[in-house]
Amino acid sequence: MTVAQTIRFPDGATVPALGQGTWRMGERGDRQAEAAALRLGLDLGMTVIDTAEMYGEGGAEEVVAEAIAGRRDEVFLVSKVYPHNASRSKLPRALEASLKRLGVERLDLYLLHWRGSVPLAETAEAMERVVAQGKIARWGASNLDVADLEELGPALPACATDQVLWNLEERGVEFDLLPFCEGLGMPVMAYSPVGQGGSLLTRPALKAIAGRHGATPAQVALAFVLRRPGVIAIPKASRPEHVRANAAARDLLLTGQDLAELDAAFPPPRRKQPLAIL
Ligand code: NAP
């Protein structure tokens, strides 16, 4: 059985809950291998691809272009604009550059990468203009806390998602941001869901649960975020074995006992915490 199915945006678009990230692609690694990993992910149904003009300073978008060549229609393509490019005058140019590197005419979702000095209302207006021009299907944000989302005011209903850090080691968003977005019917994108492959995956509690399921710690970490309705997880994997393992995590059903043990080892927040950002 597959735990994570599809996630619905308020405008009716639906996407699989498990997608793929691309940070650190298009840098010093083997670009062809990275593109092949993304293609394998597409074959396995992980059709949301998340990238950004920042990643490899355009290099990751070029890797994505190679991965999706000839299969644009299968992909829900997400990119992000630098805060310093998120103004009325600069956003359209940054978008054009992303579209060119990606080899596409339109993005499915364009995000403000994090909040900078450009007023949110100005970015929202610039986003609406490129929606009207057909260059993006919808827009959203990343690394915005509840107060920032509220500041969007009348633009908030058009904001399609907030992409935030969420994994077992960084659970602060469970206190307020996830319920807030759920209340709006706004999907949340969870970044770094396997803790960037770091110390999270060595934690004994995760290993014990993984052992019981014949799974890996990364699969348990992914299953934890995927079980929450309205969340799209975007693990990044350059190695084919990681891509396959991530796809298989959709079939991992955590039990009540597993969840209690995870709560004991990674306590959920009891009060508001400032939004954690990488
Ligand atoms: P992540 O997906 O949690 O971790 C990626 C690392 O974990 C890579 O080193 C990868 O190795 C490894 N890995 C992946 N699957 C694994 C598995 N099944 N078993 C063991 N190791 C595994 O971290 P992330 O890249 O920071 O976050 C995911 C994506 O979210 C990014 O790529 C990016 O698209 C997005 N993101 C957004 C923001 C933002 O500010 N909006 C910030 C951070 C990330 P290999 O690559 O060697 O396979």
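Whatever order the structure lists them in is the order used to number ligands and atoms, beginning at 1. Every heavy atom of this structure was used, including side-chain atoms; hydrogens, water molecules and symmetry mates were not.
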Determine, for Phe9 and Arg138, whether the Lys NZ or Arg CZ falls below 6.0 Å from the six-membered ring centre while staying within 45 degrees of the axis.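 Yes, a cation-pi geometry.
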
Validation: residues 87-96 side-chain donor-acceptor distances under 3.5 Å, sequence neighbours left out:
| unit_1 | atom_1 | unit_2 | atom_2 | d |
| --- | --- | --- | --- | --- |
| Ser87 | OG | Lys90 | N | 3.2 |
| Arg88 | NE | Glu125 | OE2 | 3.2 |
| Glu96 | OE2 | Lys135 | NZ | 2.9 |

Salt bridge (charged side-chain N to carboxylate O under 4.0 Å, His left out) contacts touching residues 189-210 (sequence neighbours left out): Glu169-Arg203

Check the side chains of Glu61 and Ser98 for a donor-acceptor pair under 3.5 angstrom, ignoring hydrogens and angles. yes

Per the ring pair (Phe, Tyr, Trp, His ring centres under 6.0 Å) rule, which among Tyr82, Tyr55, Trp23 passes with His113?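 Exactly one option meets the ring pair (Phe, Tyr, Trp, His ring centres under 6.0 Å) with His113, and it is Tyr55.
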
Collect the protein residues that have a non-hydrogen atom under 4.0 Å from ligand 1 and hand them over in chain and number order.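 These residues qualify: Gly21, Thr22, Trp23, Asp50, Tyr55, Lys80, His113, Ser142, Asn143, Gln163, Tyr191, Ser192, Pro193, Val194, Gly195, Gln196, Gly197, Leu201, Ala218, Ile234, Pro235, Lys236, Ala237, Ser238, Arg239, His242, Ala245, Asn246.
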
Residue pairs meeting ring-ring contact (aromatic ring centres under 6.0 Å, His included), one or both in residues 202-233, sequence neighbours left out, come to Trp166-Phe224

